[in-house]
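First comes the structure, then the notes that go with it.
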Amino acid sequence: MARRDDPVPETARLELEFEEPYLLGPLFGDYDRHLVTIESRLGVHVAARGNRVQIEGEPDSAARARDVLVGLYNRLEQGHDIDAAAVESIIGMASQPKLDGIITEDVTSAPRVMIRTRKKTVVPRSPTQTIYMEALSRDDMIFALGPAGTGKTYLAVAQAVSQLISGSVDRLILSRPAVEAGERLGFLPGDMKEKVDPYLRPLYDALYDMLPTEQVERRIASGEIEIAPIAFMRGRTLNDAFIILDEAQNTTPAQMKMFLTRFGMRSRMVICGDPKQIDLPDIGKSGLHDAVSRLSDVKGIAVVPFTIADVVRHPLVGRIVEAYEGPDQ
């Protein structure tokens, strides 16, 4: 039961006015679903009347909702699409400003970094993604570590495609170890390509998201894009290439050393993996953990750690990851 001398929660009322009516549809979403998401996640009430939006709630929450709406509107003005994932990510990126404080630049202004491909322009959806995308454009070798759904491989493929299109590199090489949940290639039907393609499917999916289908197939046929298991890298020197190793936690130290030493002139290499999802028989002998412990302080190598807070898939994915990786696990 509330006491009469209990403090009454302070309520703020903020109003925004948007100049371009044609942007309000995508800003609010079908049946105002984006506004509903903001209300649910931030504990505020949002009412839209014409080109004006009124926000009511606790001061910090109301200010945060204001920043989210301004950030979404500015992205629409810049020609970026807004979907449910973008709304969730900008909510997550919004800081907790004071009611009379300065609007947070990271949320409301143009992204500091973006990647342009044939089919889309990719912008960061979490603070760590911003750091990662800056490293992708700057460093020769990057280790991206963290849980599923944080965009490690997707952003690496986007940067690789962008550099291939611009001519910065001559070819793209995408690789994964063929180790999954204890299965062995010999038990799978078909020839070698049919055996390994299921393991490499996430890389194909990312490529098709960045390039038209006919371009992907043509570039694969010409050798500009190569997708192969890590065993196929042995004995090669990879010059003028953008090289990505996915699921790197499932390499052995010997495989990782072999892969890293394929690095050639005018090349860039990205190694992606989740140290907590190792499918090797001996999880204590992961090449990813071994490499990071040896190379994290080497000049020219960046290590970007992602956390559960950076998951940019459906919000439920973040909660699932947290449940599996919580303190009791």
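The figures here come from the full heavy-atom set of this structure, side chains too, leaving out hydrogens, waters and symmetry mates. Not measured: the values here are computed from a predicted model.
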Between the side chain of [X] and the main-chain N/O of [Y], is any donor-acceptor distance below 3.5 Å?
| X | Y | result |
| --- | --- | --- |
| Asn51 | Phe18 | yes |
| Gln249 | Ile278 | no |
| Arg64 | Ile91 | yes |
| Arg75 | Gly71 | yes |
| Ser40 | Thr37 | no |
| Asp170 | Asp240 | no |
| Glu224 | Leu172 | no |
| Asn239 | Met265 | yes |
| Thr261 | Lys257 | yes |

Any side-chain heavy atom of [X] sitting closer than 4.5 Å to one from [Y]?
| X | Y | result |
| --- | --- | --- |
| Leu211 | Arg219 | yes |
| Phe143 | Lys152 | no |
| Met233 | Ile173 | yes |
| Leu69 | Leu35 | yes |
| Ile271 | Leu260 | yes |
| His34 | Ile82 | yes |
| Val169 | Arg268 | no |
| Arg171 | Leu238 | yes |

State the [atom1]-[atom2] distance between [X] and [Y], to the nearest 0.5 angstrom.
| X | Y | atom1 | atom2 | value |
| --- | --- | --- | --- | --- |
| Arg262 | Met269 | CZ | CE | 8.5 Å |
| Thr117 | Leu164 | OG1 | CG | 11.5 Å |
| Leu155 | Ser162 | CG | OG | 12.0 Å |
| Ile225 | Leu174 | CD1 | CG | 7.0 Å |
| Thr251 | Ile230 | OG1 | CD1 | 5.5 Å |
| Gln255 | Asp290 | CD | CG | 12.5 Å |

task: With sequence neighbours left out, write down each residue that passes ring pair (Phe, Tyr, Trp, His ring centres under 6.0 Å) with Phe242, or none if nothing qualifies.
output: none

Under 3.5 Å, sequence neighbours excluded: what are the donor-acceptor pairs made by side chains of residues 133-140?
from, atom 1, to, atom 2, distance (Å)
Glu134, OE2, Arg112, NE, 3.2
Glu134, OE2, Arg112, NH2, 3.1
Ser137, OG, Glu134, O, 2.9

message: With a 6.0 Å cut-off (strictly less than), is the heavy-atom count around CZ of Arg33, excluding the residue itself, greater than 12?
response: yes

Check against side-chain contact (heavy atoms from CB on, under 4.5 Å), Val46 and Val44: CA-CA 6 Å; Val46 182; Val44 297; 3.9 Å; yes

field: Aromatic plane relationship, Phe306 with Tyr132 - under 30° parallel, 30 to 60° tilted, over 60° perpendicular
entry: perpendicular

query: Should Asp83 and Arg125 count as an ion pair when the cut-off is N to O under 4.0 Å?
result: yes

- prompt: For Asp310 and Ser126, does a side-chain donor sit closer than 3.5 Å to a side-chain acceptor?
  reply: yes

query: Which atoms form the tightest heavy-atom contact between Cys272 and Ala156, and what is the distance?
result: SG-CB, 4.5 Å

task: Give me the one residue out of Ile115, Ile165, Val161, Val216 that meets side-chain contact (heavy atoms from CB on, under 4.5 Å) with Met210.
output: Val161

message: Quick check with a 6.0 Å cut-off and a 45 degree axis cone: is Arg201 positioned over the face of Tyr204's six-membered ring?
response: yes

